[in-house]
2 protein chains.
Amino acid sequence: MKLFSPLRVGTMELPNRVVVPAMVTRLSGQDGFVNGPITDRYVRFARGGAGLVVVEAMAVHGSKSGPLLRISGDEFLPGLRDLAARMHDAGPGRCAPQIIHFLKISRTGWRQKVQDLSIDEVRAIPGLYAAAAARAVAAGFDAVELHMAHAYTLSSFLSRLNGRRDDYGGSLERRLRLPLETLAAVRAAVGPNFPVGVRFDGEECVKGGYTAQEAGVIALRLAQGGADWLSISAGGKFEDAQHRPGEPLYPYTGYSGERCMPGRQYPPAANLPTAAAIKAFVAGHGLSTPVVATGKIHTPELAEGILNDGKADLIGMARPLLADPDWPRKVQAGRFDRVVRCCYANVCKAKDERFQTVTCFLWPRGSINAPESTDAQPPQWPQSGANLVAETSQGRISLKWAAASDNEGVYGYDVWRAEGSAPFERIDAVPGAVCAYHDGTAVGGLGYRYYVAAYDFAGNRSAPSAAIEAQL
Amino acid sequence: MKLFSPLRVGTMELPNRVVVPAMVTRLSGQDGFVNGPITDRYVRFARGGAGLVVVEAMAVHGSKSGPLLRISGDEFLPGLRDLAARMHDAGPGRCAPQIIHFLKISRTGWRQKVQDLSIDEVRAIPGLYAAAAARAVAAGFDAVELHMAHAYTLSSFLSRLNGRRDDYGGSLERRLRLPLETLAAVRAAVGPNFPVGVRFDGEECVKGGYTAQEAGVIALRLAQGGADWLSISAGGKFEDAQHRPGEPLYPYTGYSGERCMPGRQYPPAANLPTAAAIKAFVAGHGLSTPVVATGKIHTPELAEGILNDGKADLIGMARPLLADPDWPRKVQAGRFDRVVRCCYANVCKAKDERFQTVTCFLWPRGSINAPESTDAQPPQWPQSGANLVAETSQGRISLKWAAASDNEGVYGYDVWRAEGSAPFERIDAVPGAVCAYHDGTAVGGLGYRYYVAAYDFAGNRSAPSAAIEAQL
């Protein structure tokens with residue numbers, strides 16, 4: 001598979017094309033130092049076999065925030081050095097911190113905008129990124145990723161809603177100025193051989209925001225400016241954030257936040273057209289800078305198809321690898337059937353919005369990391385079988401089945417559905433304690449078949465239940 | 001061209017594949033009767049040669065609103081009959097009214113939601129549509145289109161944000177119930193041979209809204225329910241509307257409104273992937289119901305490509321035909337070079353948002369319809385030439401040129417740009433009184449060439465100005 005072929009990114013070689021994009025965990029303390037839970041989370045990702053693990057955003061400055069890693073001073077170096085070393089020991093992949101500058105927000109809902117910054121404050125930003133990137137080198141990371149996406153400072157400069165009227169706003173060229181100055185300062189600080197990536201929005205997904213059309217130009221300028229990879233996100237903006245009284249504004253609470261982490265109502269690879277347009281535009285200008293596509297890309301077939309079509313060079317998978325960090329290792333071994341699969345219920349996103357530790361709701365209750373197991377014994381249905389039954393009520397098809405059993409414990413059930421003569425698709429998952437499912441997306445006039453399968457901590461699957469037919 | 005091949009839609013034959021989708025004009029009075037300006041506007045569209053002209057939404061009920069056509073009683077029949085007859089006399093195409101039910105809104109920003117309707121109010125809606133559709137037949141229209149898009153009643157039932165918990169909300173099947181009951185009632189009222197189309201959102205473009213994934217199922221159910229065409233829009237919802245104090249909430253003021261009428265920052269055919277996914281889903285279930293794609297489809301090549309790729313069967317063009325209703329006639333005659341081209345500045349949309357008469361800002365000042373002319377003499381540059389010059393300032397490339405002259409008057413200028421060795425593209429237009437243009441989308445590091453051409457009321461083009469090079 002192309003997905004497991006190596007790729008040179010700048011001067012580094014990634015063993016495969018799977019990327020863990022930066023994800024908020026809320027596992028760090030207010031002090032910004034690497035701690036045990038943070039280390040466990042990232043070592044777990046590294047052990048899973050991803051080609052590149054991007055460690056969650058860490059601040060390049062000391063500005064107040066909630067729990068957030070920091071890389072804003074040398075005092076953070078020992079912790080970061082230990083994290084990088086442990087990640088290197090754990091897996092074959094490379095690791096890079098994402099580094100971030102953000103503006104001020106308050107619990108009243110107020111937020112500082114780029115046009116509120118003095119020119120001196122603006123001019124200080126490249127230096128902060130450069131010093132942070134130098135620390136990433138010193139800490140032993142393989143690369144660094146500059147956060148220019150979502151609601152944060154550099155993204156807000158790139159934005160079509162950048163309200164500055166000096167050299168740093170107004171036209172696209174001026175919106176690009178600070179991001180390009182920052183990239184140049186980072187490059188000067190880390191030297192020509194240290195890989196520097198950029199993550200930015202392919203589409204802002206707010207009124208007046210830019211789309212793939214300008215994002216292609218932005219990508220090209222970043223690539224010309226020396227970015228070694230371009231990781232494409234979407235949305236996650238303050239402009240449409242929903243303010244909860246007494247809480248600071250949080251940029252993933254509106255529609256643009258939904259587009260950033262597309263949930264179950266979105267088609268697979270929901271943001272791929274944007275990444276593909278950017279890839280085509282950059283390649284059309286003679287540059288081969290690798291592009292990372294993200295956003296509900298979850299099966300090996302989908303990932304492989306994207307790579308083979310040349311729509312992207314790397315596949316970012318955040319939620320699927322949160323659900324099962326061993327996705328790369330298992331899939332490379334030909335065992336996708338053992339992967340615990342994300343169902344895009346976005347409970348992780350909801351936890352993040354509530355400022356809670358980000359976990360996967362498919363994990364056993366109380367866990368702060370995905371379970372690990374080398375057990376090989378699959379769950380078993382009762383002797384009388386799964387007894388899957390369907391009934392229609394309240395305009396839905398409701399399924400019930402008998403609990404499976406397992407030597408370790410049943411971790412969850414996958415729900416599979418076929419519509420008419422189409423092949424079965426896994427449509428959802430439920431935690432192990434639940435033996436019921438309500439399908440509110442089925443409609444009258446079409447016939448469906450369903451089956452369920454149980455899985456354990458290692459991802460061993462039970463035999464599929466007998467399939468049943470149902471219609472509304 | 002396939003674009004100018006006939007298409008059978010239900011029992012009617014359209015002479016070509018160009019559709020004028022329903023557009024707000026604000027030309028009607030508060031009384032809801034057809035008047036002179038309304039007639040002029042639609043006769044103008046008909047004369048332009050579109051295969052199907054959908055007349056702006058008219059209310060099936062008497063609920064209070066601003067200026068809006070009505071089809072809610074027989075008193076409106078004479079005016080509607082006259083309109084249909086005049087449209088038939090004017091051009092080769094067919095004409096259909098769009099019929100609409102809407103919920104209440106107030107100047108405080110309050111709006112009635114579907115869950116606020118009593119069950120009796122819900123059950124009355126199909127009958128209102130059926131009676132209105134019967135009037136469309138009696139008025140001599142060729143077909144009728146049911147408005148199930150944007151922020152209006154049936155769309156709000158289809159919505160994933162439908163908050164009812166009875167038989168008309170909760171699951172997708174229940175959200176479909178009222179729209180399908182309405183379609184059935186209309187079909188019963190108009191008989192099997194009168195074409196009935198449906199316009200609905202392929203994507204809601206608001207938080208929690210549905211996407212192409214459910215829209216395919218919705219489309220299929222509507223097609224199974226007897227819809228003769230499926231016209232795909234996007235967004236235009238109340239949920240993200242921006243409330244202006246003292247004005248009723250208007251559903252095109254947020255991001256979803258922007259997606260409904262994608263402006264210049266959007267790529268061409270911005271909503272096409274959704275229409276194509278719907279077409280594929282419906283066709284995959286053995287139904288050939290024609291699909292209308294809309295949203296920034298503006299050139300013959302783009303339209304023809306969409307038809308040839310089977311992504312849609314009909315091309316809806318609202319703003320391009322507002323700018324020049326003669327688009328179909330001119331393009332069919334091989335004279336796209338004479339079309340006055342929309343520049344997607346969305347001044348029409350802004351006027352609509354301000355409750356002003358909707359006109360095109362490229363039209364001569366004060367006009368309430370597109371100019372018409374049979375003049376064949378193109379504008380001329382002065383003897384000293386166009387003298388196009390570029391300077392860079394404020395991070396933009398600014399162009400200036402000499403005024404052209406014309407026997408009728410110079411109507412406007414098209415601005416063309418080539419980036420590097422790419423072919424020239426028309427990037428914008430300016431009204432005739434303006435001989436300057438600021439390109440805020442140019443960036444450093446790339447080289448550009450520009451030229452301009454003047455056009456008159458008939459769309460005759462001057463010779464292109466000499467091309468000039470510029471860079472930031």
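Naming: A, B, ... by sequence-line order, numbering from 1 per chain.
There is no contact between Glu239(A) and chain B, counting heavy-atom distances below 4.5 Å. In this structure, the portion of Ala442(A) lying under 4.5 Å from any heavy atom of chain B is its backbone and not its side chain. Interface remark: Arg175(A) contributes no atoms to any contact with chain B (heavy atom separation under 4.5 Å). Contact of Arg165(B) with chain A is not made at all, since no heavy-atom distance falls under 4.5 Å. Contact of Arg177(B) with chain A is not made at all, since no heavy-atom distance falls under 4.5 Å. Residue Pro268(A) touches chain B through both its backbone and its side chain, counting heavy-atom pairs closer than 4.5 Å.
Under a 3.5 Å cut-off, the side chain of Ser171(B) and the backbone N or O of Gly395(A) do form a donor-acceptor pair. The main-chain N or O of Gly444(B) is found under 3.5 Å from a side-chain atom of Glu173(A) such that the two form a donor-acceptor pair. In this structure, the side chain of Gln213(B) engages the main chain of Arg264(A) through a donor-acceptor pair within 3.5 Å. Under a 3.5 Å cut-off, the side chain of Arg174(A) and the backbone N or O of Gln394(B) do form a donor-acceptor pair. For Glu258(A) (side chain) and Gly208(B) (main-chain N/O), a donor-acceptor pair under 3.5 Å exists by modelled atom type.
Applying the ring-ring contact (aromatic ring centres under 6.0 Å, His included) rule to Tyr252(A) yields the partners His150(A), Tyr250(A); only residues at least two apart in sequence or on another chain are considered. Every residue meeting the ring-ring contact (aromatic ring centres under 6.0 Å, His included) condition with Tyr344(B), not counting sequence neighbours, appears here in chain and number order: His298(B).
Among the candidates Gln224(B), Arg221(B), Glu203(B), the residue making the largest number of heavy-atom pairs closer than 4.5 Å to chain A is Arg221(B). Of all the listed residues (Gly257(B), Ala277(B), Cys205(B)), the one sharing the greatest number of non-hydrogen pairs under 4.5 Å with chain A is Cys205(B). Among Gly263(A), Gly209(A), Gly420(A), the residue with the largest count of heavy-atom pairs under 4.5 Å with chain B is Gly209(A). Comparing Gly225(B), Gly254(B), Gly284(B) by heavy-atom pairs within less than 4.5 Å of chain A, the highest count is held by Gly254(B). Contact count against chain B (heavy-atom pairs under 4.5 Å) is highest for Thr211(A) among Asp167(A), Asp166(A), Thr211(A), Leu172(A). For the set Leu180(B), Asp240(B), Thr253(B), the count of heavy-atom pairs under 4.5 angstrom toward chain A peaks at Thr253(B).
One finds the NE2 atom of His285(B) at 8.0 Å from the OG atom of Ser421(A) (value rounded to the nearest 0.5 Å). With values rounded to the nearest 0.5 angstrom, Glu419(B) atom CD is found 5.0 Å from Phe281(A) atom CZ.
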**OP:** Using the side-chain contact (heavy atoms from CB on, under 4.5 Å) rule, take Leu220(B) and Leu446(A) through it: C-alpha gap first, then chi angles, then the decisive distance, then the call.
**Re:** CA-CA 10 Å; Leu220(B) 177 64; Leu446(A) 299 176; 3.7 Å; yes
Original post:
Stepwise, does the side-chain contact (heavy atoms from CB on, under 4.5 Å) test hold for Gln265(A) with Glu214(B)?
Top reply: CA-CA 7 Å; Gln265(A) 78 267 32; Glu214(B) 282 194 354; 5.5 Å; no
Original post:
Between Tyr255(A) and Glu204(B), is a side-chain contact (heavy atoms from CB on, under 4.5 Å) present by the stated rule, with each step listed?
Top reply: CA-CA 10 Å; Tyr255(A) 173 76; Glu204(B) 295 192 79; over 6 Å; no
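More than 12 heavy-atom neighbours from other residues, nucleotides or ligands sit within 6.0 angstrom of NZ on Lys296(B). Counted within 6.0 Å of NZ on Lys311(B), heavy atoms from surrounding residues, nucleotides or ligands total 12 or fewer; the atom is thus considered open.
For the pair Val217(A) and Thr441(B), the minimum side-chain heavy-atom distance is 4.5 Å or more.
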